[in-house]
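Have a look at the structure below, then the notes.
Atoms within each ligand, like the ligands themselves, are counted from 1 in listed order.
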Amino acid sequence: MNLLERAVLSALPAIPRPLMRQLSARYIAGETVEEALDKLRELQTRGFQGVLDILGEDVADEAEARDVLKTYQEAATAAAEAGLDSYVSVKPTHLGLRLSRDLCEELYGDLLQHCAGLGVFARVEMEDHSTTDETLAIFAALRARFDNVGIVLQSRLFRTPDDVAALPEACDVRMVKGIYLEPADIAHTQPVPIREAFVDLTDTLLRAGHTVAVATHDSVLADAVLQRQEAASVPAERTYFEVLLGVQEPLWKQWKERGKLVRAYVPYGPEWRAYSQRRLRKNPEILRHLIKATLRLS
Ligand SMILES: Cc1cc2nc3c(=O)[nH]c(=O)nc-3n(C[C@H](O)[C@H](O)[C@H](O)COP(=O)(O)OP(=O)(O)OC[C@H]3O[C@@H](n4cnc5c(N)ncnc54)[C@H](O)[C@@H]3O)c2cc1C
């Protein structure tokens, strides 16, 4: 990243809202559930399934956590009634994990109950390492009561092989590299070991009877996962791909043409701005578009 790009990164919070909205349009469905459903519909016509994510994390109080639950319940209902193939994916701190573990587990339970009535799946997402123990404990408790729940595991963490071994039977696990840059005493920090761990962990999960949502845009990694799956004679339907809206779309198409199910993550909600800034930080290419657009405006 060059000096100009670094300067723009630090100025992101000051970028005018309409410009920010325009730049993030590719990665975010919009502010409302109607916009998210429109995006799911468009994906479905192109042969892709969806994952609904309401942007946000770390709620301030219990009332806010209960509002988030209600918004997710409404989204699941709306998508199911519209006949759209999607599920809901929820961050623990968005349902109050940092306020109270019991509250968080109760709200996930209510969400899963609601979703079960609609025939909809829901996933407990994984945040930074300070939340991993509680997130996995909540997931284990939920999995004992519900079939329609899945989890996320991060290949960068040294602990993940133990977490895989401790999973309940027959889970649906989203395998990711991990978006949170964790300290070197608990996590791999270099791309190669993170990728190798991803392949090994997926292999272990599949051999243990779990289903894996391979959430990546790294084609070399995806190929390695599929090769190991074939070598282990694991049925093809026990893996599918999950991708972020607007990221590496040609890959989605390739995977679909190879007969794989591909689900695109559809984030939406009033908190889109913070999410957009994260995307721009991750990808200098988008940052370059932002710089050009800003220069054109001025
Ligand atoms: C559906 C889905 C759900 C996820 N859920 C979680 C979660 O619950 N917890 C968690 O810690 N992490 C989650 N992640 C993020 C994940 O951990 C990685 O940070 C992210 O997927 C990038 O890693 P990669 O495997 O795509 O490989 P990379 O090597 O990072 O990316 C491969 C290529 O894709 C492009 N790319 C990747 N990510 C982006 C982006 N965000 N914006 C623009 N371009 C990008 C880059 O150009 C790069 O060349 C999720 C990812 C996906 C796809």
Side-chain angles (χ1 to χ4, degrees), residues 1 9 23-29 43 48-57 86-95 97 121-132 135-136 138-139 149-157 159-160 163 172-182 186-199 201-202 212-225 239-252 254-255 261-267 274-290:
M1 195 178 295
L9 263 189
L23 289 158
S24 60
R26 188 172 146 199
Y27 304 98
I28 290 163
L43 288 165
F48 302 110
Q49 284 70 31
V51 179
L52 282 175
D53 169 64
I54 301 169
L55 297 164
E57 56 204 353
S86 65
Y87 75 80
V88 291
S89 195
V90 191
K91 288 185 174 48
T93 68
H94 212 187
L95 285 186
L97 180 64
F121 181 78
R123 193 180 302 280
V124 178
E125 294 201 339
M126 193 56 79
E127 300 179 81
D128 72 69
H129 77 273
S130 69
T131 64
T132 312
T135 300
L136 288 170
I138 289 173
F139 171 69
V149 63
I151 185 70
V152 180
L153 293 175
Q154 299 157 325
S155 70
R156 79 170 54 240
L157 292 184
R159 60 175 288 162
T160 304
D163 294 336
D172 183 314
V173 180
R174 176 192 294 157
M175 194 71 228
V176 298
K177 290 180 179 174
I179 199 161
Y180 307 91
L181 299 179
E182 303 287 9
I186 61 160
H188 301 291
T189 55
Q190 296 303 314
V192 172
I194 294 173
R195 190 191 264 165
E196 285 172 358
F198 192 119
V199 178
L201 288 162
T202 304
V212 182
V214 181
T216 187
H217 317 87
D218 177 337
S219 60
V220 176
L221 171 58
D223 286 345
V225 164
T239 55
Y240 56 99
F241 285 104
E242 291 197 340
V243 289
L244 299 173
L245 197 65
V247 176
Q248 303 280 22
E249 292 203 22
L251 265 183
W252 317 1
Q254 281 174 32
W255 290 331
L261 184 142
V262 181
R263 281 192 183 277
Y265 193 80
V266 175
Y275 182 85
S276 311
Q277 292 182 6
R278 285 216 303 271
R279 297 276 78 81
L280 289 166
R281 286 201 166 85
K282 177 81 191 171
N283 190 342
E285 196 52 47
I286 312 167
L287 198 59
R288 275 167 216 135
H289 292 313
L290 170 69

Enumerated ligand 1 atoms positioned under 4.0 Å from heavy atoms of [X]:
X: Ala215; answer: 2 (C), 52 (C), 53 (C)
X: Glu242; answer: 1 (C), 53 (C)
X: Tyr180; answer: 11 (O)

So, does [X] use its side chain to make a donor-acceptor pair with the main chain of [Y] at under 3.5 Å?
X: Arg156; Y: Ala187; value: no
X: Thr239; Y: Val212; value: no
X: Thr93; Y: Glu57; value: no

Would you say [X] has any N or O atom under 3.5 Å from an N or O of ligand 1, going by distance alone?
X: Gly178; answer: yes
X: Gln154; answer: yes
X: Asp218; answer: no

Let me know which of Ile179, Val152, Leu157 forms a side chain to side chain contact (heavy atoms under 4.5 Å, CB included) with Met126.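 The passing option is Val152.
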Anything under 30° is parallel, anything over 60° is perpendicular, the rest tilted; go ahead and classify Phe48 against Trp252.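 Perpendicular, since the angle between the ring planes exceeds 60°.
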Between Glu182 and Arg159, does at least one N-O distance fall below 4.0 Å, as a salt bridge requires?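 So Glu182 does not pair with Arg159 through a salt bridge.
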Side chain, backbone, both or neither: the part of [X] lying under 4.0 Å from ligand 1 by heavy atom:
X: Gln248; result: side chain
X: Lys91; result: neither
X: Arg174; result: side chain

What's the shortest heavy-atom distance between Thr216 and Ala222, and which atoms?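 Nearest pair, atom of Thr216 first, then Ala222: CG2-CB, 4.4 Å.
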Option set Leu244, Val124, Val266, criterion heavy-atom distance to atom 52 (C) of ligand 1, minimum: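 The option holding the nearest heavy atom is Leu244.
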Considering only heavy atoms, which of Val176, Thr216, Ile179, Leu221 lies nearest to atom 24 (P) of ligand 1?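 Going through Val176, Thr216, Ile179, Leu221 one by one, Thr216 has the nearest heavy atom to atom 24 (P) of ligand 1.
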Non-neighbouring partners of Ser86 that pass side chain to side chain contact (heavy atoms under 4.5 Å, CB included), sequence neighbours left out: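 In terms of side chain to side chain contact (heavy atoms under 4.5 Å, CB included), with neighbours along the sequence ignored, Ser86 is linked to Leu40, Leu52, Ala79.
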